[in-house]
Amino acid sequence: MKATAKAHTNIALIKYWGKRDESLILPMNSSLSVTLDTFYTVTTVEFNEKLTEDVFFLNGEKADHTDTERVSNYLRAIRKFAKKHLFAVVRSENHVPTAAGFASSASGYAALAAAATKAIGLNLHPQELSQFARLGSGSACRSIYGGFVEWQKGVKEDGSDSFAVPILHEDDFPIAVLSVMVATNRKKVLSRAGMKRTVETSPFYQGWLDTVEHDLSELKHALELRDFTLLGEIAERNALKMHATTLGANPPFYYWQSATMEVMEAVQNMRSQGIEAYFTMDAGPNVKVLCLPEDEQKVYDQLKQIPSVKKIFTCHPGPGVTILPTGEADV
Ligand code: DP6
């Protein structure tokens, strides 16, 4: 009753922003992301009849009460579905620089869903696995697949039609994503709280809903054509629109810092020099810069010159979740 899984993070090109159901994690809009090769989580789950509660180790250390409770609540859904009431030891190794402000919930819950369902004896179709990952964190449902992935929001109340589907394999459209870590000094509003506040209070949220499905179909068209310019333009515009909704919330908030804007400006300057680069940001101050692989060194060199840029990680489209043979847990 033990299994190990490895899952990668993803960056949304069309953002998931807002829930229509908080407990089932059903989104207001469909979204589309690219799974990244550089950052991942490896998780081992072992169910054991001798245990009287779930135990969670994160990067080799026993996790605090809050983190353990979130994992335990999550496992409850899997136990219920499998009709096996056993507790588990969960060991997660995050190869995501979380301290640097890069989110790990997508890779974390995708790996946990895969390892836990396998360990408890369920052999799920990736579509069902995506639904289980979604229950942990919305964006995790997209990390089940590699490459470019759409999360179809679905319309059913029980969430049975809200899951990710693969759009393009990671080898079919080589792009580069430079993860730019900036100097950060403020505690951010977590994405879960931020999107809730925006849905409930921002008058700009309706504008988001009115246009996001159109952005998504245009982006899918760009992928079909392998049109990088179109992809970059749509992704940048969609990110700016998502961030704009937070300014209308009550109380208002924003994820950017001055360093975030310096990177955004540098990217736009590169474009005026003829280098094709575009930016996108999730619920934090770090920036992801999209470019073509042949430009990645040039873009890297220019970004490196910005004093507030601390570190740059070069990423490419990466694979979906995999079950590792036990024993490879510390990859
Ligand atoms: C801005 O998936 O972290 O990164 O479902 O509440 O766990 P929960 O939220 P999460 O939100 C991600 C929001 C985003 C956009 C995206 O990844 O699509």
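Counting starts at 1 for both ligands and their atoms, in listed order. Keep in mind it's a predicted model, so treat the numbers as computed, not measured.
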Looking only at heavy atoms of Ser31, does any of them come nearer than 4.0 Å to an atom of ligand 1? no
OG of Ser31 to CG of Asn10, rounded to nearest 0.5 Å, is 8.5 Å
The reported gap from NE2 in His65 to CG in Asp67 (rounded to nearest 0.5 angstrom) is 10.5 Å
Subject >> Check: Trp17 N/O within less than 3.5 Å of ligand 1 N/O >> reply: no
Polar-atom distance check: Asn10 versus ligand 1, any N or O pair below 3.5 Å?
no
Which residue supplies the protein heavy atom nearest to [atom], what is that atom called, and how far is it?
{"atom": "atom 4 (O) of ligand 1", "answer": "Asp282 CG, 3.2 Å"}
{"atom": "atom 12 (C) of ligand 1", "answer": "Tyr16 CD2, 3.9 Å"}
{"atom": "atom 3 (O) of ligand 1", "answer": "Ser191 OG, 3.1 Å"}
{"atom": "atom 7 (O) of ligand 1", "answer": "Ser137 OG, 2.6 Å"}
{"atom": "atom 2 (O) of ligand 1", "answer": "Ser139 OG, 2.7 Å"}

Looking at Met195, His243, Met242, the heavy atom closest to atom 9 (O) of ligand 1 belongs to Met195
Min over Arg142, Lys15, Arg134 of heavy-atom distance to atom 17 (O) of ligand 1 lands on Arg142
Exercise. May I ask you to say whether Lys196 pairs ionically with Glu200, meaning some side-chain N is under 4.0 Å from a carboxylate O?
Key: yes
Open item on the list: Please determine whether a side-chain nitrogen of the Lys or Arg among Glu150 and Lys220 lies less than 4.0 Å from a carboxylate oxygen of the Asp or Glu.
Closed with: yes
Heavy-atom closest pair (Ala235 atom, Thr280 atom, distance to 0.1 Å) is O-OG1, 4.4 Å
Determine yes or no for a side-chain-to-main-chain donor-acceptor pair under 3.5 angstrom, with [X] supplying the side chain and [Y] the backbone.
{"X": "Lys298", "Y": "Asp295", "value": "no"}
{"X": "Ser143", "Y": "Ser139", "value": "no"}
{"X": "Arg271", "Y": "Ala277", "value": "yes"}

One finds that the ligand 1 atoms under 4.0 Å from a non-hydrogen atom of Ile25 are 5 (O)
A student checking ligand 1 against Gly138 at a 4.0 Å heavy-atom cut-off should list atoms 2 (O), 5 (O), 7 (O), 8 (P)
